[in-house]
There are 2 protein chains.
Amino acid sequence: MIEIEVKARASHERVKELLRELGACVTGVEHHCDTYYNAPHRDFSITDEALRIRIVNGHAVLTYKGKKLDTVSKTREEFETGVDAAIMRNILLALGFVESGVVKKTRALFEFENFTICLDSVDGLGEFIEVETMVGPGSDVDHHRARVFGFLERLGIGEGDSIRVSYLEMLIGK
Amino acid sequence: MIEIEVKARASHERVKELLRELGACVTGVEHHCDTYYNAPHRDFSITDEALRIRIVNGHAVLTYKGKKLDTVSKTREEFETGVDAAIMRNILLALGFVESGVVKKTRALFEFENFTICLDSVDGLGEFIEVETMVGPGSDVDHHRARVFGFLERLGIGEGDSIRVSYLEMLIGK
């Protein structure tokens, strides 16, 4: 699957009001503790990949994200499987992967049409919105990305507000 | 955990009779389809590590095995977590790992004292026995390995019969 994702800084108070007016449904609140790993054979901060173990409300998932496929959004290939967090960490360390950082956040989730809207409060960074849609291989990515930007405009967020830097990069760069 | 494991060729008909006489319990039959992967940054056939996705009776597990810790048995560090097989495969390939081979076998499992006895019928290789015991870090590995060899003697298998070559290596070497 291809994840089309756009992120921007946003005051949650204001955005929540607009989401309510649109009729978007709240679907949950998640507490994320994300540990990122870098590879021994290539530097993910250069190749623009990500490998992460996320613990979300007590469950663990391993996620790989490929390099971004365009210059304006965070569209990229993504693979995700449930794992045992402690054991997966041991496997990665034994293979020579190294921990590159930890991102902790609270994510309020909303659904609207086929978008997932995440209102993220990130420890040490502040408030953000992420709008995501997943599309199958061979889909018209440009069309779906335009739809995501169109939706963000309704929340008062323009294409120029899009941030492609990851939370991890923001935290490391601080 | 440390896996202490000894493997040897064995006629299953003869061993099953001895296991029955000892009172070992049959605990199950598993069908394994094991896909092994090699790393992009080091050659596991040289470092003596193994990374595998096993599909066993429809469930998938990712296993990492470290290099062997002695010269007579297959004692080594082992980490294992449940995964989604197809997605984990995609993650490994995206990270640059490559498939090194597939081993298919039927394994009849027996328990006796704290040993797991595996009678393996391996496609293309024939019949084998593996006796395993798992011990915590800091345990007396020599003592536990000697107990495994002592048990194998009761099945008519001597220390000199121990095979340290993996099924994968046997298949590749054929």
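Basis for what follows: all heavy atoms, side chains included, without hydrogens, waters or symmetry-related copies. What you see is a predicted model, and the numbers here were worked out from it, not measured in a lab. Protein chains get the first letters and strands the later ones, always in sequence-line order, with residue 1 at the start of each.
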Open item on the list: Are there over 12 heavy-atom neighbours, none belonging to B/E113, within less than 6.0 Å of that residue's CD?
Closed with: yes
Task: Pairwise distance CD(A/E78) to CD1(B/I91) - rounded to 0.5 angstrom - done: 9.5 Å
- [ ] Establish whether A/L69 and A/V148 are linked, either directly or via other cluster members, by ILVMFWY side-chain heavy-atom contacts under 4.5 Å.
- [x] yes
Task: Nearest heavy atoms of A/L62 and B/M88, plus distance in Å - done: CD2-CE, 3.7 Å
Task: Residue B/E80 versus chain A: region with a heavy atom under 4.5 Å - done: backbone
TODO: Is it possible for you to say whether A/L119 and A/V122 belong to one hydrophobic cluster, with membership spreading through side-chain heavy-atom contacts below 4.5 Å?
DONE: no
Open item on the list: Would a single hydrophobic cluster contain both A/F151 and A/L109, if residues Ile, Leu, Val, Met, Phe, Trp and Tyr are joined by side-chain heavy-atom contacts under 4.5 Å?
Closed with: no
TODO: Considering only heavy atoms and a distance below 4.5 Å, find which of A/R42, A/E77, A/E49 pairs most often with chain B.
DONE: A/R42
TODO: Count the heavy atoms belonging to other residues, nucleotides or ligands that lie under 6.0 Å from NZ of A/K68, then report whether that count exceeds 12.
DONE: yes
Task: Within one Ile-Leu-Val-Met-Phe-Trp-Tyr cluster: B/I117 and B/V56, side-chain cutoff 4.5 Å - done: no
Task: Portion of B/L51 that has a non-hydrogen atom of chain A nearer than 4.5 angstrom - done: side chain
- [ ] Quick one: sort the B/H41 and A/F97 rings into parallel, tilted or perpendicular, breaks at 30° and 60°.
- [x] perpendicular
Open item on the list: Please classify the contact of B/A94 with chain A as side chain, backbone, both or neither, using a heavy-atom distance under 4.5 Å.
Closed with: both
Open item on the list: Return the CG to CZ distance between A/L92 and B/F79, rounded to the nearest 0.5 Å.
Closed with: 11.0 Å
TODO: Against chain B, work out which of A/T47, A/V83, A/T63, A/V61 has the most heavy-atom pairs shorter than 4.5 Å and name it.
DONE: A/V83
Task: Nearest heavy atoms of B/D84 and A/T81, plus distance in Å - done: N-OG1, 2.8 Å
- [ ] Examine B/L22 and B/V6 and state if one hydrophobic cluster contains both, with Ile, Leu, Val, Met, Phe, Trp and Tyr joined whenever side-chain heavy atoms are less than 4.5 Å apart.
- [x] yes
